[in-house]
Amino acid sequence: MTFRARLQQAIIGLVAAATGGSLFIAQRQNDASHRGMLAELFDQQFSSFRRDQQRDIELTEKNVLRLSESVRLFAALEAGFEGSYQVAKNELRLDDFDFYRLLDSTGQLLDPPSGSRADAGLFAPSIQDRLKQQLEPAKPQETTSAGYITIQYDDSEPARIYRVLSAPIRNFDTTVGALVFGQEMQDFEKAEDAKYEMGRGMQALWLDGRLMGSTFPPEIAGDVGSELSADIGKERPLNVGRMLRIGGVGYRYMAHCLNPTSPFPPAYYVSIVSLAGFESQQRTLIFKIVALGVLAILLASFVGFIFAKQITQPIRSLVSATHDIQQGNFQPAITPGPTLEMRHLADAFQDMAAGLALKDRYHSVLSMVADQRVAEQLMAGKIPLGGELRDVTIIFCDIRGYTALSAGRDPREVIELLNKHMSALTRVVYRHHGVINQFAGDAIMILFGAPMDNPTHAADAVLCAQEMLAERERLNELTHEPLGIGFGIATGKVVAGCLGAENRADYTAVGDRVNLAARLCSVAAAGEIVIDDQTRAALPESTPSTPTEPLRLKGFSEPIIAHRLQV
């Protein structure tokens with residue numbers, strides 16, 4: 001993958017991650033803020049409802065307390081007097097109540113006499129039975145207790161909600177019964193539509209396992225009722241809250257218990273708020289953040305493309321320059337980048353190219369003044385100053401009659417003649433993996449077995465000498481000035497290495513075998529190859545050769561037996 005593609009991927013990934021993180025944080029914060037506002041709204045609605053209810057209950061408690069302290073009513077109930085309702089009627093203001101009932105000391109509801117002012121329009125037997133069932137739990141208590149009941153007058157009409165208040169009738173420490181008052185609650189304010197926004201919640205009363213009130217739209221009342229039935233169950237929790245999704249719209253509701261310690265059935269004030277507006281705002285926010293993220297990605301990609309181009313173009317120029325250097329062009333054309341760093345890089349690359357060019361010239365010069373393999377070993381640092389003992393074969397080859405050939409001639413002509421001669425023989429030496437140690441005038445010194453090991457160095461040296469002789473004879477047929485050459489070959493232990501100083505040294509071999517090869521070359525006639533005993537021993541027995549008479553050679557105290565190869 002290219003740098004530009006990686007940079008684009010990195011930019012897109014970072015911007016996408018930042019956009020996703022911003023979206024997540026914004027949603028979490030908005031949701032938390034919305035939850036807090038809803039909780040505050042529910043608390044305010046419940047507090048307002050509870051405050052209105054408490055005011056009515058306090059007024060009722062005053063009347064109940066006044067009547068419950070009536071000595072006549074206490075005496076009537078204690079004596080089981082059938083006119084207890086009449087006594088209560090005479091001492092009670094009934095304008096604020098829809099009905100009242102009396103309970104004896106056992107909690108049994110005393111039926112009012114026909115035509116009594118104990119209630120208004122609640123004389124139907126079925127209604128009386130339903131009322132009795134709901135009021136019987138209000139047995140005489142130690143304190144006043146409040147609750148809520150429902151009464152349905154007609155199947156065609158919705159049930160009515162009554163707030164009831166039960167107070168004990170006692171004299172000192174004796175309780176003889178209870179007085180229960182009922183007051184109808186007005187329906188909750190009707191909703192104009194079901195899509196209520198923040199601050200316009202819908203209210204209802206949860207009683208007898210169903211929602212009472214008229215503000216809940218029918219399409220959500222059933223689902224909310226089912227949730228409340230599951231959440232409340234047989235327990236009497238103080239608060240119940242949950243989020244619902246009905247018809248693709250989210251709702252959040254809260255139910256507060258109105259009578260947690262009352263003997264009457266539990267009643268809950270339920271508030272619900274539609275989340276349609278909030279969810280619409282959330283979707284708008286998400287769209288804006290995503291759109292901003294996409295715009296940021298496009299802008300960042302464009303900027304990244306421009307910056308990547310400023311980097312990749314100089315890099316491509318450097319890569320092209322590297323290929324030129326590999327091809328031997330050490331002065332490539334380089335396009336400097338627009339930035340200061342890229343210009344510094346281009347300058348450094350050009351300096352490096354100049355250094356490589358200088359090293360290449362050094363290498364070329366070294367290859368000219370030293371054998372290629374010796375030069376490679378020297379550059380690799382594998383041939384330190386000093387020497388090592390090696391088993392090698394040395395060839396000396398020189399021109400017969402060279403002195404007479406060069407006498408009186410232009411030195412430039414002599415050098416040209418020698419260069420052609422040496423070039424042809426050098427190619428032969430390299431084909432046989434020999435190492436040209438030095439050119440000394442018309443002589444060539446060749447090593448086999450140094451600086452690298454060669455187990456067949458003697459046989460290779462002999463083959464090389466034979467081919468050199470054949471090459472010279474071929475050249476003699478093509479020139480008007482034929483040359484005769486002779487060879488001296490010796491095999492044995494020598495010290496091979498760099499000879500000289502630390503800053504100027506030559507690779508050479510030193511030992512009596514080197515001297516012997518030079519002396520054998522001096523006794524070889526034109527077209528002859530003279531070898532020593534060790535070289536002959538390394539050759540196959542079938543190799544044709546003739547022993548020489550003992551040779552008295554300079555530098556050797558004993559006569560030397562050599563062999564002339566038959567070529």
Side-chain angles (χ1 to χ4, degrees), residues 365-375 377-378 383 387 390 392-407 409-430 432-451 457 461-462 464-465 467-469 471-472 475 481 483-492 494-501 504-532 535 553-556 560 562:
V365 172
L366 181 61
S367 297
M368 291 178 63
V369 300
D371 185 85
Q372 182 176 1
R373 277 171 292 178
V374 173
Q377 295 289 315
L378 287 171
I383 304 179
R390 280 186 172 275
V392 300
T393 298
I394 306 100
I395 299 178
F396 271 87
C397 170
D398 64 2
I399 300 174
R400 297 293 174 257
Y402 171 72
T403 302
L405 178 67
S406 60
R409 300 185 66 168
D410 187 346
R412 290 174 294 182
E413 295 180 5
V414 176
I415 290 177
E416 183 179 1
L417 180 65
L418 288 177
N419 285 341
K420 291 180 180 180
H421 168 72
M422 297 299 185
S423 296
L425 298 188
T426 298
R427 289 192 292 268
V428 176
V429 173
Y430 285 161
H432 289 273
H433 308 293
V435 174
I436 297 177
N437 182 256
Q438 64 180 347
F439 296 102
D442 64 321
I444 306 174
M445 177 181 174
I446 307 168
L447 298 179
F448 286 85
H457 52 83
V462 170
C464 180
E467 188 172 338
M468 289 171 68
L469 183 59
E471 179 66 15
R472 183 63 260 177
L475 293 175
E481 290 184 317
L483 300 177
I485 55 175
F487 295 87
I489 302 176
T491 300
V494 300
V495 176
C498 288
L499 180 64
R504 177 66 178 88
D506 290 326
Y507 184 80
T508 188
V510 178
D512 63 343
R513 296 293 96 185
V514 179
N515 296 333
L516 178 58
R519 297 292 179 260
L520 292 176
C521 181
S522 64
V523 301
E528 286 187 348
I529 301 174
V530 181
I531 64 176
D532 68 344
T535 303
L553 302 176
K554 184 180 178 179
F556 294 89
I560 300 298

Heavy atoms of R400 and G486 approach each other most closely as NH2-CA, 3.7 Å
Only pairs under 3.5 Å count here: list side-chain donor-acceptor contacts from residues 514-527, not counting sequence neighbours, and write none if there are none.
| unit_1 | atom_1 | unit_2 | atom_2 | d |
| --- | --- | --- | --- | --- |
| R519 | NE | K554 | O | 3.0 |
| S522 | OG | R519 | O | 2.4 |

Is there a donor-acceptor contact under 3.5 Å from the side chain of D442 to the main chain of L418? no
Distance in Å, M422 CE paired with L417 CG, rounded so as to fall on 0.5 Å steps: 9.5 Å
Considering all heavy atoms, the nearest A496-R390 contact: CB-CD, 4.3 Å
What are the two closest non-hydrogen atoms of F487 and A465, and how far apart are they? CZ-O, 3.7 Å
For the pair E481 and R409, find out whether any cationic side-chain nitrogen is under 4.0 Å from an anionic carboxylate oxygen. yes
To the nearest 0.5 Å, what is the distance between NZ (K420) and CG (L483)? 11.5 Å
From E416 atom CD to D410 atom CG, the distance as rounded to the nearest 0.5 Å: 10.0 Å
Audit row: I446, I394, side-chain contact (heavy atoms from CB on, under 4.5 Å) steps and yes/no: CA-CA 6 Å; I446 307 168; I394 306 100; over 6 Å; no
Evaluate the side-chain contact (heavy atoms from CB on, under 4.5 Å) criterion for residues L475 and H421: first the C-alpha distance (whole Å), next the side-chain angles of each, then the deciding distance (0.1 Å), finally the verdict. CA-CA 9 Å; L475 293 175; H421 168 72; 5.6 Å; no
Heavy-atom closest pair, residues T393 and A461: CG2-CB, 3.4 Å
Rounded to the nearest 0.5 Å, what separation is found between the CD1 atom of I529 and the CG atom of L469? 5.5 Å
Considering residues at least two apart in sequence or located in another chain, which fulfil the side-chain hydrogen bond (donor to acceptor under 3.5 Å, both in side chains) criterion with T426? none
Where do I560 and D532 land on the side-chain contact (heavy atoms from CB on, under 4.5 Å) test, with the steps shown first? CA-CA 8 Å; I560 300 298; D532 68 344; 5.6 Å; no
A509 and M445 have their tightest heavy-atom pair at O-CE, 4.1 Å
Distance in Å, M468 CE paired with I395 CD1, rounded so as to fall on 0.5 Å steps: 6.5 Å
Which is it for V414 and Y402 under the side-chain contact (heavy atoms from CB on, under 4.5 Å) test, yes or no, and what are the steps along the way? CA-CA 10 Å; V414 176; Y402 171 72; 3.7 Å; yes
For a quick test of reading the model, state the closest non-hydrogen atom pair linking V435 to A450 and the distance between them. CG2-O, 3.4 Å
